[in-house]
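Please read the structure below before turning to the comments.
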Number of protein chains: 2
Amino acid sequence: MNEDDDLGALCAGAGRALAEAERPVLERHGLSMWQYVVLSALADGEAPSQLVLARQIRYDKTRLITLLDGLEAAGLVTRDPDPADRRARIVRLTPEGVRRHAAVRTAIREVEEDRLAGLDPATRRALRSALAHLANSG
Amino acid sequence: MNEDDDLGALCAGAGRALAEAERPVLERHGLSMWQYVVLSALADGEAPSQLVLARQIRYDKTRLITLLDGLEAAGLVTRDPDPADRRARIVRLTPEGVRRHAAVRTAIREVEEDRLAGLDPATRRALRSALAHLANSG
DNA sequence: TATTGTTATACTCTATAACTATA
DNA sequence: TATAGTTATAGAGTATAACAATA
């Protein structure tokens with residue numbers, strides 16, 4: 001992987017390397033990558049409907065269903081009817097879901113810290129800020 | 001996309017945004033993302049066998065075949081038997097392949113420049129260097 | 001016996017269409 | 001009529017196994 005490569009190729013390479021390093025962590029905690037993404041989204045903001053959640057994480061609403069089925073069966077999330085709109089169901093983390101997400105997140109952060117070893121704080125800040133810029137520029 | 005997100009999520013978001021911006025460019029030139037990856041690999045280094053090429057770009061060797069079939073039919077690459085090992089076939093860019101790759105690369109770079117607008121040169125350098133570091137840390 | 005390229009097959013992931021119950 | 005959630009189905013993308021030619 002050369003620094004002269006396309007930026008897209010560099011992003012893909014870094015993303016793949018991170019995903020490969022994080023996969024064993026997720027497996028150890030019994031979560032798929034997308035399930036972790038769901039838990040992270042729920043841990044961050046307001047309790048969303050399934051449709052809003054799907055849009056937040058840019059995931060297909062029909063695929064989200066089996067994902068939530070698994071998380072619900074594992075006791076990590078609940079789906080309750082929205083009192084304001086009985087078509088919609090509000091997704092929330094259970095206390096166990098909060099704990100599981102926090103544990104996985106800590107482990108994930110450790111892996112990432114490991115991969116960032118050797119980069120000075122200024123470079124790390126620039127990396128995060130530039131990635132956020134790129135991700136939001138669409 | 002928050003700067004407090006996991007690094008993996010940031011990489012994925014940036015990569016997705018870049019890929020979405022570049023897809024129309026590739027379509028306009030009649031190439032898929034993976035076909036462009038192949039052309040880029042061939043433009044860079046020594047002419048490899050199919051197996052070596054597959055490993056270089058981290059692509060399945062069986063999938064590479066139909067990819068090369070398409071590129072060969074489009075007159076962008078050739079596959080010649082390796083004189084030193086008649087099992088192997090050496091993949092090379094044709095002159096038209098060289099031209100096509102150069103044209104697409106220029107267009108891709110323009111898109112990326114566009115997405116980087118607003119980031120100062122130091123941040124851009126830090127971004128490339130940090131991404132290369134992450135991609136090679138596995 | 002092992003390896004390169006190839007084909008065929010199975011499997012997973014993702015996208016599309018249609019149904020239900022509410023609005 | 002339109003929307004949220006669901007299901008079923010089809011399609012693309014990916015991985016696995018086996019074969020012919022060569023080492």
Side-chain angles (χ1 to χ4, degrees), chain A residues 8-9 12-13 15-17 19-20 22-23 26-27 30-38 41-42 45-73 76-92, chain B residues 8-9 12-13 15-17 19-20 22-24 26-27 30-38 41-42 46-73 76-92:
Chain A
R16 182 176 27 69
E20 278 173 17
E22 292 169 3
R23 189 178 312 125
L26 291 167
E27 272 175 15
L31 291 179
S32 72
M33 185 74 77
W34 278 113
Q35 287 180 320
Y36 175 64
V37 169
V38 165
L42 294 177
E46 291 297 299
S49 72
Q50 295 187 188
L51 192 59
V52 168
L53 176 59
R55 286 179 185 147
Q56 266 179 24
I57 66 174
R58 306 195 185 223
Y59 201 65
D60 195 89
K61 68 164 184 168
T62 65
R63 281 187 288 153
L64 181 59
I65 289 162
T66 50
L67 210 61
L68 291 178
D69 287 345
L71 290 171
E72 198 175 25
L76 303 178
V77 308
T78 56
R79 285 191 274 197
D80 298 311
D82 182 350
D85 181 346
R86 294 205 326 253
R87 291 172 305 179
R89 303 176 73 179
I90 303 298
V91 187
R92 289 188 186 84
Chain B
R16 182 177 27 69
E20 278 174 18
E22 291 168 4
R23 188 177 313 127
L26 291 167
E27 273 175 16
L31 292 178
S32 72
M33 184 75 76
W34 278 114
Q35 286 180 321
Y36 175 64
V37 169
V38 165
L42 295 176
E46 290 298 299
S49 70
Q50 295 187 187
L51 193 59
V52 168
L53 176 59
R55 286 177 184 147
Q56 267 180 22
I57 66 174
R58 307 196 185 223
Y59 201 65
D60 195 87
K61 70 163 183 167
T62 65
R63 280 187 289 152
L64 182 60
I65 290 162
T66 49
L67 210 61
L68 290 178
D69 287 345
L71 290 171
E72 200 175 23
L76 302 178
V77 309
T78 57
R79 284 190 276 197
D80 299 310
D82 181 351
D85 182 346
R86 292 202 329 250
R87 292 172 304 181
R89 304 177 74 180
I90 303 297
V91 188
R92 288 187 186 84

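All values below come from the heavy atoms of this structure, side chains included, with hydrogens, waters and symmetry mates left out. We name chains A, B, ... by the order of the sequence lines, and we start the count at 1 in each one.
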If you look at every strand shown and take non-hydrogen atoms under 4.0 Å, does B/D60 touch a base, only sugar-phosphate, or nothing? base
Walking DNA chain C from its 5' end, the first of A/A84 and B/S49 to be reached, judged by nearest nucleotide, is B/S49
Find the distance B/R79:CZ to C/dG5:P and express it as a whole number of Å. 9 Å
Heavy-atom check, side chain of A/L71 versus side chain of A/L31, under 4.5 Å: yes
Can you find a pair of side-chain heavy atoms, one from A/D69 and one from A/R79, that are under 4.5 Å apart? yes
Between atom CG of A/L67 and atom OG1 of A/T62, what is the distance when rounded to the nearest 0.5 Å? 11.0 Å
What does B/T62 touch in the nucleic acid at a heavy-atom separation under 4.0 angstrom: a base, only the sugar-phosphate, or nothing? base
Considering only heavy atoms from C-beta outward, does the side chain of B/L53 approach that of B/L68 to under 4.5 Å? yes
Report the distance from atom CG of B/L67 to atom P of D/dA12, rounded to the nearest whole Å. 16 Å
Checking all strands, does B/D82 fall into the base, sugar-phosphate, or nothing category for heavy-atom contacts under 4.0 angstrom? nothing
Rounded to the Å, how far apart are A/Q35 CD and C/dC13 C1'? 15 Å
Would you say B/R87 reaches C/dA2's phosphate, i.e. side-chain N/O to OP1/OP2 under 4.0 Å? no
Expressed as a whole number of angstroms, how long is the span from B/I90:CD1 to C/dT4:C1'? 11 Å
State, with a plain yes or no, whether a side-chain heavy atom of A/V37 is found less than 4.5 Å away from one of A/S32. no
Under 4.0 Å between any heavy atoms, over every strand shown, what does B/I65 touch: base, sugar-phosphate, or nothing? Just pick one. base
Rounding to a whole Å, what distance do you find between B/R16:CZ and C/dT14:C1'? 15 Å
What is the distance, rounded to the nearest whole Å, between atom CZ of A/R58 and atom P of C/dA15? 13 Å
At under 4.0 Å, does any side-chain N or O of B/R89 touch on OP1 or OP2 of C/dT4? no
Rounded to whole Å, please give me the gap between NZ in A/K61 and P in D/dA4. 7 Å
Report the distance from atom CZ of A/R63 to atom P of D/dG13, rounded to the nearest whole Å. 14 Å
